[in-house]
Amino acid sequence: MPAITLPDGSVRTFDGPVTGTTVAAAIGPGLAKAALAMQVDGKVRDLAHAIEQDATVRFITRKDPEALELIRHDAAHVLAEAVQALFPGTQVTIGPAIENGFYYDFARNEPFKPEDFPAIEQKMREIVARNAGFECIVTSRHEAMELFEKKGEKYKVELIRDLPRGETITLYRQGDWVDLCRGPHMRGTGDVGTAFKLMKVAGAYWRGDHRNAMLSRIYGTAWRDQKELDAYLHQLEEAEKRDHRKIGKEMNLFHLQEEAVGSVFWHPKGWKLYRTVEDYMRRRLDQADYLEVKTPQLVDRKLWIESGHWENYRPHMFIATVEDESEKDRVLAVKPMNCPCHVQIFNQGVRSYRELPMRLAEFGACHRYEPSGALHGIMRVRAFTQDDAHIFCTEDQIATETVRFVELLSGIYRDLGFSDFRVKFSDRPEKRSGSDAVWDQAEGALKEACRIANVEYVLNPGEGAFYGPKLEFVLRDAIGRDWQCGTLQVDFVLPERLGAEYVAEDGSRKRPVMLHRAILGSFERFLGILIEQHAGRFPLWLAPVQVVVATIVSDADEYAREAVAALQAAGIRAELDLRNEKINRKVVDHIDQRVPVLAVVGRREAEERALVLRRLPGREQETVKLAEAVARLAAEATPPDLRVASD
RNA sequence: GCCGACAUAGCUCAGCGGUAGAGCAACUGAUUCGUAAUCAGUAGGUCCCCGGUUCAAAUCCGGGUGUCGGCACCA
């Protein structure tokens with residue numbers, strides 16, 4: 001006699017086990033028609049699922065957030081059926097719903113091509129139109145193995161074999177097509193609707209392991225209706241427009257070329273942007289009691305052997321040698337990190353506990369041989385500069401330093417236009433240095449510090465550095481990809497390996513703890529994200545060109561020169577546009593170049609010693625006396641850390 | 001690194017066996033104009049590289065390199 005509690009609090013009782021379909025029908029024909037699935041005591045279930053005991057039930061209709069995931073998961077099944085119908089001999093593997101869509105991985109000798117999409121989509125539409133019901137079949141391990149064995153589906157057989165003993169094995173049937181699946185599903189393939197689209201093909205390793213076979217993955221997107229699909233596709237187009245690679249070219253900020261793969265050629269305007277951020281960071285670090293240092297690019301492998309990098313990362317390091325016979329045994333590595341060098345500075349002389357925490361900072365240029373497939377614009381490169389620092393401190397100081405760091409990082413992110421970021425906590429990886437006891441200590445200290453600093457994180461198991469656990473501060477790019485920028489890593493291992501010590505209060509020698517930390521991460525990556533975040537339209541203080549003074553007639557040239565000089569004298573990055581073009585044209589060009597402020601001068605302004613200011617790409621304009629314009633723009637162009645509080 | 005796609009003028013792209021094209025940018029000239037592209041003219045190319053097929057290759061085939069999308073990697 002199950003009693004079903006509905007979201008409005010009402011309770012309905014039934015004589016025996018009931019399916020969601022029956023309950024929905026009992027509530028009303030509207031709901032019976034709209035219900036796609038249900039949530040029983042918080043778990044999403046098929047409508048055909050029998051409820052045997054008292055439960056709280058909520059029906060899921062197309063409007064509910066859960067519907068999207070169901071649509072996408074069902075779409076993956078429809079895709080798989082379509083592919084097997086069109087390409088006999090293709091084996092199915094897995095096909096989950098993901099953010100914005102779904103994918104399905106197939107095993108086939110010949111990978112799929114985008115040209116195959118129209119036919120597959122057509123077949124999918126047929127399957128949706130046929131609207132076969134999803135039927136859940138509970139089966140035994142043995143039967144399931146036999147079924148897929150007979151079909152020649154060796155991946156499915158492997159999946160079943162690896163399912164934990166005692167797990168219920170369910171199959172879902174849609175017409176004649178059957179897949180191993182945990183569910184839940186909607187009523188039938190018709191519920192998928194037609195607002196789906198196949199997006200791209202990609203290779204993907206079976207079970208995500210590069211030692212396994214490469215499968216052919218088809219990605220698709222699916223939505224509740226055409227309008228949502230169109231909106232999503234439009235959003236993708238918009239995102240493409242803010243791609244840093246595109247904007248970098250359009251604004252002439254940087255370029256990349258074959259002769260220096262993975263290294264950025266910064267152009268004057270791009271370098272101005274870089275320098276503006278670097279200067280800002282340097283001031284923030286000074287204020288936060290960091291000591292800036294500079295360490296060598298080329299360091300003997302001896303040091304990397306001691307630090308453990310040689311053992312763990314040698315294939316990723318660039319090696320430099322010279323031809324001179326007397327140097328033939330010397331192998332230098334281009335530094336992939338700064339930490340061992342910073343320890344060398346710490347190790348000079350005898351350190352006292354009074355010097356701790358000692359925060360050594362460096363804008364350190366590092367090189368890493370990244371796999372070719374990993375390279376991405378300026379966000380993933382082989383030559384990059386970290387805003388790196390190592391805090392040498394006592395164990396007791398970890399918490400306070402973490403709090404200080406998180407505060408510094410949040411303030412800087414806010415100034416640069418990021419109020420939103422996510423934090424991941426990565427704990428011990430398989431390949432690591434240091435004993436378990438040391439790792440327990442390091443992870444414990446970092447967790448405790450997070451608690452005190454009030455940092456909410458998601459756990460990222462097994463992803464720590466080889467020398468310690470880390471916090472990762474993650475920002476999202478225009479295309480929706482996440483990038484690690486800031487990081488804080490607790491390290492008990494390197495100080496030990498490199499023999500760092502200080503004299504404690506009681507005169508004994510102790511090991512400091514090392515906190516590796518970066519805020520931007522690498523300038524290259526961060527600037528890439530910064531470009532995308534602002535779509536190239538930077539706040540005035542960051543813009544590489546802040547103001548362009550543009551003339552209407554050549555009679556105003558001389559005054560325009562004077563105006564630019566006055567702006568530049570006030571520290572404003574101003575340029576002059578005296579081209580023999582109409583003002584309309586100049587407006588368009590500077591909008592294209594994402595110049596924040598256009599100052600127009602004609603005869604009138606020259607006479608009145610004024611500027612007509614226009615905020616691009618806006619249309620509003622305002623006439624301001626030259627002296628006042630300079631003062632106002634200079635104030636606005638002041639980096640946030642140098643502004644005097646006006647209120 | 002793996003799977004797939006792509007590489008033509010400074011940029012965006014067309015051409016896909018038969019003398020390399022367009023728009024924009026550049027340059028020259030005219031025009032001096034009041035806020036979202038003034039007009040006319042000129043110049044500009046080892047069609048990514050190396051091989052092969054062919055009477056003939058930007059185009060077809062093979063091999064490199066790079067870029068892009070994923071996967072794997074990311075100290």
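A, B, ... follow the sequence lines: proteins, then strands. Residue 1 opens every chain.
- Rounded to an integer number of Å, the gap from Asp477(A) CG to C68(B) P is 13 Å.
- One atom, CZ of Arg537(A), and another, P of A36(B), lie 17 Å apart when rounded to the nearest Å.
- Rounding to whole angstrom units, CZ of residue Arg615(A) and P of A36(B) are separated by 18 Å.
- When the C1' atom is compared between U59(B) and G1(B), the two are found 32 Å apart, to the nearest whole Å.
- Residue contacts shown for Ala202(A) include a base, since a base heavy atom lies under 4.0 Å away.
- Under the 30°/60° scheme for interplanar angles, the aromatic rings of Phe466(A) and Tyr313(A) are found to be tilted.
- Glu605(A) comes within 4.0 angstrom of a base, heavy atoms only.
- Identified under the side-chain hydrogen bond (donor to acceptor under 3.5 Å, both in side chains) test for residues 486-496 of chain A, with sequence neighbours left out: Tyr467(A)-Gln489(A), Thr487(A)-Gln489(A), Asp491(A)-His516(A), Glu496(A)-Arg511(A).
- Nucleic acid contact for Val261(A): sugar-phosphate only, since backbone atoms but no base atoms lie under 4.0 Å from a heavy atom of the residue.
- Between Tyr104(A) and Phe112(A), the ring centre distance reaches or exceeds 6.0 Å.
- Distance alone, capped at 3.5 Å, is enough to place a donor-acceptor pair between the Arg432(A) side chain and the Pro429(A) backbone.
- A close approach under 4.0 Å does occur between a side-chain nitrogen or oxygen of Tyr219(A) and OP1 or OP2 of C71(B).
- Applying the 4.0 Å criterion to OP1 and OP2 of G69(B), one finds that Arg245(A) has a side-chain N or O inside that range.
- Residue-level contact check: Arg217(A) touches the backbone only, with heavy atoms under 4.0 Å from sugar-phosphate atoms and none from bases.
- Taking the six-membered ring for Trp, His267(A) and Phe254(A) have ring centres at least 6.0 Å apart.
- When the C1' atom is compared between U53(B) and U12(B), the two are found 34 Å apart, to the nearest whole Å.
- Listed pair Lys246(A) / C11(B) fails the phosphate criterion, with no side-chain N or O lying under 4.0 Å from OP1 or OP2.
- When ring centroids are compared, Phe102(A) and Tyr219(A) stay outside the 6.0 Å threshold.
- Within the 4.0 angstrom heavy-atom criterion, only backbone atoms of the sugar-phosphate kind lie near Gly377(A); the bases stay farther away.
- Atom pair Ile552(A):CD1 and U38(B):C1' shows a separation of 15 Å (rounding to whole Å applied).
- One interatomic measurement links the two molecules: NE2 of His267(A) to P of G10(B), which rounds to 14 Å at whole-angstrom precision.
- A sub-4.0 Å separation between OP1 or OP2 of G1(B) and a side-chain N or O of Ser372(A) is present.
- In this structure, His376(A) and His244(A) have tilted ring planes: the angle between them lies in the 30° to 60° band.
- Here the two rings, on His390(A) and Phe346(A), have centers that are 6.0 Å apart or farther.
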Taking only nitrogen or oxygen atoms into account, show me every contact under 3.5 Å that the protein makes with nucleotides 73-75 of chain B, one pair per line with its distance.
unit_1 : atom_1 : unit_2    : atom_2 : d
C73(B) : O2     : Arg380(A) : NH2    : 2.7
C73(B) : N3     : Arg380(A) : NH1    : 3.0
C74(B) : O4'    : Arg380(A) : NH2    : 3.4
C74(B) : O2     : Arg380(A) : NH1    : 3.2
A75(B) : OP2    : Lys470(A) : NZ     : 3.0
A75(B) : O4'    : Tyr313(A) : OH     : 3.2
A75(B) : O3'    : Tyr467(A) : OH     : 3.3
A75(B) : O2'    : Tyr467(A) : OH     : 3.0

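- Distance from the side chain of His376(A) is smallest to G69(B) among U38(B), C71(B), G69(B).
- Atom CD of Glu581(A) is separated from atom C1' of C39(B) by 11 Å (rounded to the nearest Å).
- Checked against the 6.0 Å centroid criterion, the rings of Tyr232(A) and Trp223(A) qualify as a close aromatic pair.
- Contact annotation: Arg603(A) reaches the phosphate of C33(B) (side-chain N/O to OP1 or OP2, under 4.0 Å).
- Of all nucleotides listed (U35(B), A36(B), C33(B)), U35(B) comes nearest to the side chain of Val600(A).
- At least one donor-acceptor pair under 3.5 Å links the side chain of Lys156(A) to the backbone N or O of Thr93(A).
- Using a distance-only test at 3.5 Å, with no hydrogens or angles considered, a donor-acceptor pair links the side chain of Glu605(A) to the main chain of Gly602(A).
- Closest to the side chain of Arg585(A), out of A25(B), A36(B), U35(B), is A25(B).
- Looking at heavy-atom distances under 4.0 Å, Asn584(A) makes contact with sugar-phosphate atoms alone, never a base.
- Separating the NZ atom of Lys200(A) from the C1' atom of A5(B) is a distance of 13 Å, rounded to the nearest angstrom.
- Closest contact between the side chain of Tyr205(A) and the listed nucleotides A72(B), C11(B), A36(B) involves A72(B).
- Residue Arg481(A) is in sugar-phosphate contact alone, with no base atom involved, counting any heavy-atom pair closer than 4.0 Å across all strands shown.
- Atom-to-atom, CD1 of Ile218(A) to P of G4(B) comes out at 14 Å; the value is rounded to the nearest Å.
- In RNA chain B, the stems built from three or more successive Watson-Crick or G-U pairs (distances below 3.5 Å) are B:1-7 with B:65-71, B:10-13 with B:21-24, B:26-30 with B:38-42, B:48-52 with B:60-64.
- Contact annotation for Lys586(A): no contact, since no heavy-atom pair falls under 4.0 Å across all strands.
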